[in-house]
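Let me begin by presenting the structure, written as structure tokens, before commenting on it.
Numbering of ligands and ligand atoms starts at 1, following listing order.
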Amino acid sequence: MKQVMLVTGSSRGIGAATALLASRRGYAVCINYLGNVAAAERLRAQIAAEGGAAIAVQADVAVEADVLRLFATIDAQLGPLTALVNNVGVLEQQGKLVDMSAERLQRVVTTNILSYLLCSREAIKRMATSLGGHGGGIVNVGSGASKHGAGNVYVDYASTKGAIDVMTLGLSKEVGPDGIRVNCVRPGIIHTDIHASGGDPDRVNKLASTVPLQRGGQPEEIAETILWLLGPQSSYVSGALLDAGGAR
Ligand code: NAP
């Protein structure tokens with residue numbers, strides 16, 4: 001059966017590494033992005049040059065109408081989805097909750113939680129055996145922040161990642177009978193642009209010595225973990241929260 005994957009937020013960082021690796025493993029891939037069309041198109045062109053099949057679709061996955069359009073585009077251009085990677089995630093300027101505006105909290109909560117719920121709902125409609133599908137896999141990209149809470153820097157972000165842990169546990173029970181495995185990978189500190197959004201672009205290097213493995217992680221290392229969680233090698237793994245943080 002043709003393997004079709006959507007990776008939300010995949011123009012850059014962990015999402016882009018996952019989309020590229022998935023293509024190399026034989027998936028047709030939908031790259032999704034918010035505004036950086038140049039990065040998304042570069043990745044799409046690279047996959048095409050390697051002989052893979054990819055489309056790039058702009059959609060704000062925190063907005064239901066965009067999610068419906070995104071899935072309709074995948075249906076039409078790639079065929080039935082077999083794998084969903086809920087990867088999109090944002091954080092904003094480091095600080096304390098007392099200084100965070102309601103608008104910021106709304107942005108972080110809707111992007112990091114609502115998008116996972118909306119995209120999972122649409123994926124399940126297509127994968128569930130009770131709805132005529134053939135099963136599939138969902139991987140939620142959570143964060144090690146759900147273990148320590150990120151107090152004084154971004155407790156809002158960490159709170160959303162706690163929700164992703166719980167969503168993974170609940171959804172894995174709900175859709176297991178439908179042939180869908182749901183797992184979560186919780187990266188530690190990874191070399192991507194996300195830290196610049198928090199106002200600390202060098203955060204990974206600054207914290208590297210606090211990681212028992214003595215370094216930050218690379219997006220490609222998280223991509224390998226995600227592909228494993230979606231592949232046949234992990235066929236009896238569901239509802240797992242898998243830490244990929246160098247033992248931090
Ligand atoms: P990143 O480098 O900042 O990339 C973010 C991606 O999300 C970009 O492709 C961006 O698109 C897209 N995006 C943002 N808002 C979107 C929206 N509303 N709709 C659609 N796409 C949107 O992020 P990252 O570091 O790779 O993080 C990926 C995931 O890993 C996140 O869930 C994050 O919380 C998690 N994580 C990261 C780390 C880390 O240290 N990096 C650690 C733990 C967990 P544009 O290019 O168009 O802006």
When T168, N112, N140, T8 are each screened for side chain to side chain donor-acceptor pair (under 3.5 Å) with N86, the one that passes is N140
Joining Ile, Leu, Val, Met, Phe, Trp and Tyr whenever any side-chain heavy atoms lie under 4.5 Å apart, the cluster holding L68 also takes in none
By salt bridge (Lys or Arg N to Asp or Glu O under 4.0 Å), R69 pairs with (sequence neighbours left out) D66
Residues passing the salt bridge (Lys or Arg N to Asp or Glu O under 4.0 Å) test with K2, sequence neighbours excluded, are none
Test item: Q58 side-chain N/O and L34 main-chain N/O as donor-acceptor pair under 3.5 Å: yes
| message | Run the salt bridge (charged side-chain N to carboxylate O under 4.0 Å, His left out) test on R107 and E103 for me, step by step, so that the C-alpha distance in whole Å, both residues' side-chain angles and the decisive distance to 0.1 Å come before the verdict. | response | CA-CA 6 Å; R107 275 193 302 275; E103 291 75 19; over 6 Å; no
Lining ligand 1 at under 4.0 Å, by non-hydrogen atom distance, are residues G9, S10, S11, R12, G13, I14, N32, Y33, L34, G35, N36, A59, D60, V61, N87, V88, G89, V90, T111, Y116, V141, G142, S143, Y157, K161, P187, G188, I189, I190, T192, D193, I194, H195
